[in-house]
There are 2 protein chains.
Amino acid sequence: METTSIQDYLKTIFDLTRDGETASTTALATRLGIAPASVTGMVQKLAAAEPPLVHYRKHQGVTLTAGGEQAALRVIRRHRLLETYLVTTLGYAWDNVHEEACRLEHVISEEFEAKIAAALGNPERDPHGDPIPDADLRLPTDPSTPLSALRPGQGATVLMVRSDDPAFLRHVEEIGLLPGVELHIKNYSHFDQNLEVEIDSQPARVIGLAISCRIFVSVH
Amino acid sequence: METTSIQDYLKTIFDLTRDGETASTTALATRLGIAPASVTGMVQKLAAAEPPLVHYRKHQGVTLTAGGEQAALRVIRRHRLLETYLVTTLGYAWDNVHEEACRLEHVISEEFEAKIAAALGNPERDPHGDPIPDADLRLPTDPSTPLSALRPGQGATVLMVRSDDPAFLRHVEEIGLLPGVELHIKNYSHFDQNLEVEIDSQPARVIGLAISCRIFVSVH
DNA sequence: AAATAAATTTAGGTGTGACTAAATATTACT
DNA sequence: AGTAATATTTAGTCACACCTAAATTTATTT
Ligand SMILES: [Mn+2]
Ligand SMILES: [Mn+2]
Ligand SMILES: [Mn+2]
Ligand SMILES: [Mn+2]
């Protein structure tokens, strides 16, 4: 059976391996809020499952198998559809939907998933700009760049904000860096990696790396 | 902590003790689809909890404590609000909502509960006619009678249909005995306890006890 | 009032998913 | 290359919620 716990592991592994790297025990432990020893145990179980959900070599971290990736995408689809539904239909704030979705994603039926997807018109992105896998679990490869990679003179549109932290999201909202917003880079400080960014034709603001590396844009 | 399992126990005990009787181990086991021995174990835990959630004396069955009843009502409110939401807003069929609600009821936040209650305009009854406890967990005492208690000449309005079984609910729907419908008793057969019922001025139908005892009405 | 049947509890056990403490492997540093 | 620091795994434990089989209690017959 694919338990809540397993689903959250798979989702997290998917996330940690998006860059092609393997997901380390410690990284998983940190992200899941679980002791490293517990992660080792679970990861060995996932690798021993029939069919296996992860590739695992001792001390080398894990990656998802094809089956594990499908399972992860199923949960990710639900998560992002739920977040979208909570914001669009129930009036949740965008900084507040992650936890709720992370609980609901494990219990809704296929019918529920289909109903909210239809009610929303099969949306392609969640409130944070994350792409939603379609019903066949295809995820559009989108050519987004971290804001931190831009340099003065470049213009871009915010695509997504990668964080689950309500405080962080509220801060980003206050700055005005919501998905869809246009921005121009005015300045770059090489030493502290601060960017001076003009957002939506407002006076420019200085943005530190901790923020700019979590905001993904499409460059004009 | 109040686990999913505990919440389902409390809900079921609430249901089984509605008549003032205690809930027996076997009745609980049957309703929950669990071995009687397991029920004994859980019931002892609920009685030993601090504060206790049930009154328990060996071989005598259980009843809810005040605390247990509050906890049960919180879950029942969520269950019935969810059922109503699924039918009203997401277009579920009324025979199909119980299972989904029974999973969701354990994971939604207070905020979710409040949001759907507001979206529905604080409904007082779920799609089956069951009363929904209000935000303070007050449950209106409604003077409903089982249809099986009516006799020829009496007229009534259907208040609720007490079943979770999709097949049963579809059958009741096909007969036309949905909540709100008006009916008149045309005849009663003392031997098989069949009732001949005129529903919504349609030609009368014969209804057996297995059905009539699960349909509750308010007599005119 | 015994004997039998039915309901309930006890005893012992399982799988899941966490934990801590200790052992071991990998990586980084001098 | 050897040592120290860090990451990971192993070993042993726990709570939870279920199970079966056996013992016990309560209810029903005769
Ligand atoms: Mn989750
Ligand atoms: Mn999101
Ligand atoms: Mn339930
Ligand atoms: Mn109902």
Side-chain angles (χ1 to χ4, degrees), chain A residues 1-13 16-17 19 21-64 68 71-72 75 99 102-103 105-107, chain B residues 1-13 16-17 19 21-64 68 71-72 75 99 102-103 105-107:
Chain A
M1 253 302 320
E2 206 173 277
T3 63
T4 291
S5 190
I6 289 177
Q7 291 180 339
D8 279 339
Y9 271 87
L10 294 176
K11 234 179 34 165
T12 308
I13 295 168
L16 290 173
T17 55
D19 55 8
E21 306 283 298
T22 70
S24 74
T25 300
T26 317
L28 276 168
T30 306
R31 283 279 288 266
L32 292 165
I34 277 173
S38 309
V39 171
T40 300
M42 175 61 95
V43 142
Q44 289 175 341
K45 203 175 73 174
L46 296 179
E50 198 45 63
L53 295 166
V54 303
H55 300 294
Y56 167 65
R57 276 179 32 235
K58 266 187 199 176
H59 299 276
Q60 304 300 136
V62 290
T63 54
L64 293 173
V75 187
E99 260 192 71
C102 195
R103 276 178 281 111
E105 66 193 359
H106 310 290
V107 304
Chain B
M1 251 300 323
E2 204 174 279
T3 62
T4 290
S5 191
I6 289 177
Q7 291 180 337
D8 280 338
Y9 270 88
L10 295 176
K11 234 178 33 162
T12 307
I13 295 168
L16 291 172
T17 54
D19 54 8
E21 305 282 299
T22 70
S24 74
T25 301
T26 318
L28 276 167
T30 306
R31 284 280 288 265
L32 292 165
I34 276 172
S38 308
V39 171
T40 299
M42 176 61 95
V43 142
Q44 290 174 343
K45 203 175 73 176
L46 297 179
E50 199 46 62
L53 295 167
V54 302
H55 301 293
Y56 167 65
R57 276 181 29 238
K58 266 188 198 177
H59 299 276
Q60 304 299 136
V62 290
T63 55
L64 293 174
V75 186
E99 260 193 72
C102 196
R103 276 178 280 112
E105 66 194 357
H106 310 290
V107 304

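Below, read A as the first sequence line, B as the second, and so on, with proteins coming before strands; counting in each chain starts at 1.
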Atom pair CG/OG of B:Leu32 and B:Ser38 - distance to nearest 0.5 Å = 10.5 Å
Looking only at heavy atoms, what is the nearest atom pair of B:Ala23 and B:Thr17, with distance?
-> N-CG2, 3.7 Å
Across all chains, not counting sequence neighbours, the side-chain contact (heavy atoms from CB on, under 4.5 Å) partners of B:Ala48 are none
B:Glu2 has an atom CD; how far is it from atom P of D:dA17, in whole Å?
-> 11 Å
Contacts to DNA chain D from residues 55-64 of chain B, heavy-atom cutoff under 4.0 Å, which residues?
-> B:His59
Give me the one residue out of A:Leu28, A:Leu46, A:Thr22 that meets side-chain contact (heavy atoms from CB on, under 4.5 Å) with A:Val62.
-> A:Leu28
N/O (side chain, A:Ser24) to phosphate O (OP1/OP2, D:dA7) under 4.0 Å | no
Donor + acceptor pair across side chains of A:Glu2, A:Gln7 (<3.5 Å) = yes
For DNA chain D, determine which residues of residues 31-46 of chain A have any heavy atom closer than 4.0 angstrom to one of its atoms, and list them numerically.
-> A:Pro36, A:Ala37, A:Thr40, A:Gln44
Value in whole Å for how far the P atom of D:dA17 lies from NE2 of B:His106 = 12 Å
State whether B:Thr25 places a side-chain N or O below 4.0 Å from either non-bridging phosphate oxygen (OP1 or OP2) of C:dT9.
-> yes
Report yes if a side-chain nitrogen or oxygen of B:Ser5 is closer than 4.0 Å to either non-bridging phosphate oxygen (OP1 or OP2) of D:dC18; otherwise report no.
-> yes
Checking side chain to side chain contact (heavy atoms under 4.5 Å, CB included) for the pair A:Leu10/A:Leu53: CA distance, chi angles, key distance, verdict?
-> CA-CA 8 Å; A:Leu10 294 176; A:Leu53 295 166; 4.1 Å; yes
Go through the steps for B:Thr4 and B:Glu105 under the test side chain to side chain contact (heavy atoms under 4.5 Å, CB included), then give the verdict.
-> CA-CA 9 Å; B:Thr4 290; B:Glu105 66 194 357; over 6 Å; no
Are side-chain heavy atoms of A:Tyr9 and A:Val54 found at a separation under 4.5 Å?
-> no
What is the distance, rounded to the nearest whole Å, between atom CD1 of A:Ile6 and atom C1' of C:dG15?
-> 12 Å
Taking only N and O in the side chain of A:Tyr9, is any of them less than 4.0 Å away from OP1 or OP2 of C:dA18?
-> yes
